[in-house]
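Structure, as structure tokens:
Reckoned from all heavy atoms, side chains included, excluding hydrogens, waters and symmetry mates.
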Amino acid sequence: MNVAELRGVTKRFGAVTALEGVDLDVPQGEVVALLGPNGAGKSTAIAVLLGLRVPDAGAARLHGLDPRAPRARRDVGVVPQELGFPPTLRVRELLELVRRHYPAPGPPERLAARLGLGPVLHRQAGGLSGGWRRLVAVALAFAGAPSLLVLDEPTAALDADARRAVWDAIRGHAARGGTVLLTTHHLDEAEALATRVTVLDRGRVAANGGVAAIKASAGLTRVSFRAPAGLELEGAEREGERLRLAVADAGVLVAELVRRGVRLDGLEVRPLTLEEALAVRGSRA
């Protein structure tokens, strides 16, 4: 069952078509990553899904309802792309304010500890750096313990420790049966967190499906090894002392190299990453 969905959504801004015939499924209990370059339509898709924009064609559903209905959004936590907090409120006060809008919010102390907000809990929002503001926004999305999280670039401007804390919080939410829709420019983040992805390109769906299925659909395996400077292989890319190839049958390639007497120092055979698989799909389009 879908917690949220778009069906055939088209949205235009004057002469610019931001979305064209977009379908998006956010099944209950899954983490869905909405991917694509800047201007692909990700934030517009989220705005339509949350009832902040009205589609020119097609329909959006949130908990089975028109997302403009207040009761459709009562169990949703959101990290918007653009952040705005009352500058004189302290972080703890912001958490308390948001928590009071939900029927069963989680303890603020536990949330603050999980995301590492201790150093800024008693600071005013107007004096926070960009990274702290983003982390506070993530905390506010979690504050009411909603079943659905919609996170637009939740780790933008975060350092490594804060990024790991957000990842852990998302994984914990999913492990408890929650649902997540997130956008990100980091494909390693999508691969680490998501069970399925939808890729937008110039307002259209370019790829859609489970992460494992998209990786498998490329039909290739990555092979790399340390190779002497003079060794060249068709289709190989050299990165420092290593040659890297994407091949349909790694066993055949390795057997052929052994027959040729090539030393396979540091041999690595692995599936394509999500980023590599999407690049292959793009080159075939």
Problem set entry | Spacing of Asp249 atom CG and Thr221 atom OG1 [to the nearest 0.5 Å] | 8.0 Å
For this session: Give a yes or no on whether a salt bridge exists between Glu276 and Arg270, defined as a side-chain N under 4.0 angstrom from a carboxylate O.
Result: yes
Exercise. Are Arg196 and Asn208 close enough that some pair of their side-chain heavy atoms sits under 4.5 Å apart?
Worked result: yes
For this session: Taking the side chain as every heavy atom from C-beta outward, state whether Leu49 and Leu181 have any atom pair closer than 4.5 Å.
Result: yes
Exercise. According to a 4.5 Å side-chain heavy-atom criterion applied to Ile, Leu, Val, Met, Phe, Trp and Tyr, with indirect links allowed, do Leu35 and Val32 form part of one hydrophobic cluster?
Worked result: no
For this session: May I ask you to decide whether Asp159 forms a salt bridge with Arg164, counting only side-chain N to carboxylate O separations under 4.0 Å?
Result: no
Exercise. Are there more than 12 heavy atoms of other residues, nucleotides or ligands under 6.0 Å from atom CZ of Arg202?
Worked result: no
Exercise. So among Arg53, Gln81, Glu82, which one has a side chain to side chain donor-acceptor pair (under 3.5 Å) with Ser43?
Worked result: Gln81
Problem set entry | Leu19 CG to Thr44 OG1 distance, which is reported to the nearest 0.5 Å | 5.5 Å
Exercise. So, for Ala45 and Leu200, which heavy atoms are closest and what is the spacing to 0.1 Å?
Worked result: CB-CD1, 4.4 Å
For this session: Starting at CG of Leu149, measure out to NE2 of His173 and round the result to the nearest 0.5 Å.
Result: 4.0 Å
Exercise. Has the side chain of Arg99 got a donor or acceptor atom that lies under 3.5 Å from a matching backbone atom of Gly106?
Worked result: yes
Problem set entry | Verify same cluster id: Val247, Leu267 (apolar side-chain graph, 4.5 Å) | yes
Exercise. Is any side-chain heavy atom of Glu239 less than 4.5 Å from a side-chain heavy atom of Ser224?
Worked result: no
Exercise. Can you list the steps and then say if Leu95 with Leu140 is a side-chain contact (heavy atoms from CB on, under 4.5 Å)?
Worked result: CA-CA 6 Å; Leu95 288 171; Leu140 296 179; 3.7 Å; yes
For this session: State plainly whether the residues Glu268 and Arg242 are in salt-bridge range, i.e. N to O under 4.0 Å.
Result: no
Exercise. Is there side-chain contact between Arg73 and Leu52, with at least one heavy-atom pair below 4.5 Å?
Worked result: yes
Seminar exercise, completed: Value for CG (Leu233) from CD (Glu256), rounded to nearest 0.5 Å, stands at 9.5 Å
Problem set entry | Leu257/Phe225 under side-chain contact (heavy atoms from CB on, under 4.5 Å): CA gap, chis, key distance, verdict | CA-CA 11 Å; Leu257 293 174; Phe225 58 95; 3.8 Å; yes
Exercise. Should Val98 and Val150 be counted in the same cluster of Ile, Leu, Val, Met, Phe, Trp and Tyr side chains packed under 4.5 Å apart?
Worked result: no
Problem set entry | Which atom of Pro87 lies closest to which atom of Gln124, heavy atoms considered | O-CB, 3.5 Å
For this session: Kindly say whether Arg12 contributes a backbone atom to a donor-acceptor pair with the side chain of Asp56 at under 3.5 angstrom?
Result: yes
Problem set entry | Partner of Asp152 by side chain to side chain contact (heavy atoms under 4.5 Å, CB included), out of Leu50, Thr184, Ile46 | Ile46
Problem set entry | Heavy atoms of other groups near Arg68 CZ, more than 12 under 6.0 Å | no
Problem set entry | Leu272 versus Leu220, closest heavy-atom pair with distance | CG-O, 3.6 Å
Exercise. Are any of the side-chain nitrogens in Arg204 or Glu20 under 4.0 Å away from the carboxylate oxygens of its partner?
Worked result: yes
Problem set entry | Cluster link Ile170 to Leu148, ILVMFWY, side chain under 4.5 Å | no
Exercise. Are Asp25 and Glu30 close enough that some pair of their side-chain heavy atoms sits under 4.5 Å apart?
Worked result: no
Exercise. Just wondering, are more than 12 heavy atoms of other shown residues or ligands nearer than 6.0 Å to CD in Glu275?
Worked result: no
Exercise. So, do Ile214 and Val199 sit near enough that their side-chain heavy atoms are less than 4.5 Å apart?
Worked result: no
For this session: Flag yes if Val197 and Leu182 sit in one hydrophobic cluster, no otherwise; membership is Ile, Leu, Val, Met, Phe, Trp, Tyr, and two members link when side-chain heavy atoms are under 4.5 Å apart.
Result: no
Problem set entry | Salt bridge Arg163-Glu189, side-chain N to carboxylate O under 4.0 Å | yes
Problem set entry | Euclidean distance, His185 NE2 relative to Lys42 NZ, rounded to 0.5 Å | 4.0 Å
Problem set entry | Nearest-0.5 Å distance that lies between atom CD in Glu5 and atom CG in Leu24 | 9.0 Å
Exercise. Would you call Asn2 and Arg7 a side-chain contact if the rule is heavy atoms closer than 4.5 Å?
Worked result: yes
Problem set entry | Identified side chain to side chain contact (heavy atoms under 4.5 Å, CB included) counterpart of Pro146 within the set Val78, Asp75, Thr179 | Asp75
For this session: Let me see the working for Leu193 and Val180 under side-chain contact (heavy atoms from CB on, under 4.5 Å), right down to the final yes or no.
Result: CA-CA 10 Å; Leu193 298 174; Val180 182; over 6 Å; no
Exercise. Yes or no on side-chain contact (heavy atoms from CB on, under 4.5 Å) for Leu121 and Arg92, after CA distance, side-chain angles and deciding distance?
Worked result: CA-CA 5 Å; Leu121 265 181; Arg92 185 181 181 87; 4.1 Å; yes
Problem set entry | Short side-chain to backbone donor-acceptor contact, Arg238 and Leu231, under 3.5 Å | yes
Problem set entry | Over all atoms of both residues, closest heavy-atom pair of Ala194 and Val211 | O-CG2, 3.5 Å
For this session: Could you tell me whether a side-chain N or O of Thr195 sits under 3.5 Å from a main-chain N or O of Val31, the two making a donor and an acceptor?
Result: yes
For this session: Verify, without hydrogens or angle tests, whether Thr155 (side chain) and Leu158 (backbone) share a donor-acceptor contact under 3.5 angstrom.
Result: no
Problem set entry | Side chain to side chain, Asp188 and Leu274, heavy atoms closer than 4.5 Å | no
Exercise. How far apart are the closest heavy atoms of Leu83 and Ala137, and which atoms are they?
Worked result: CD2-CB, 3.6 Å
Seminar exercise, completed: Closest heavy-atom pair, Ala18 versus Phe13, reported as atoms and distance to 0.1 Å, is CB-CE1, 3.7 Å
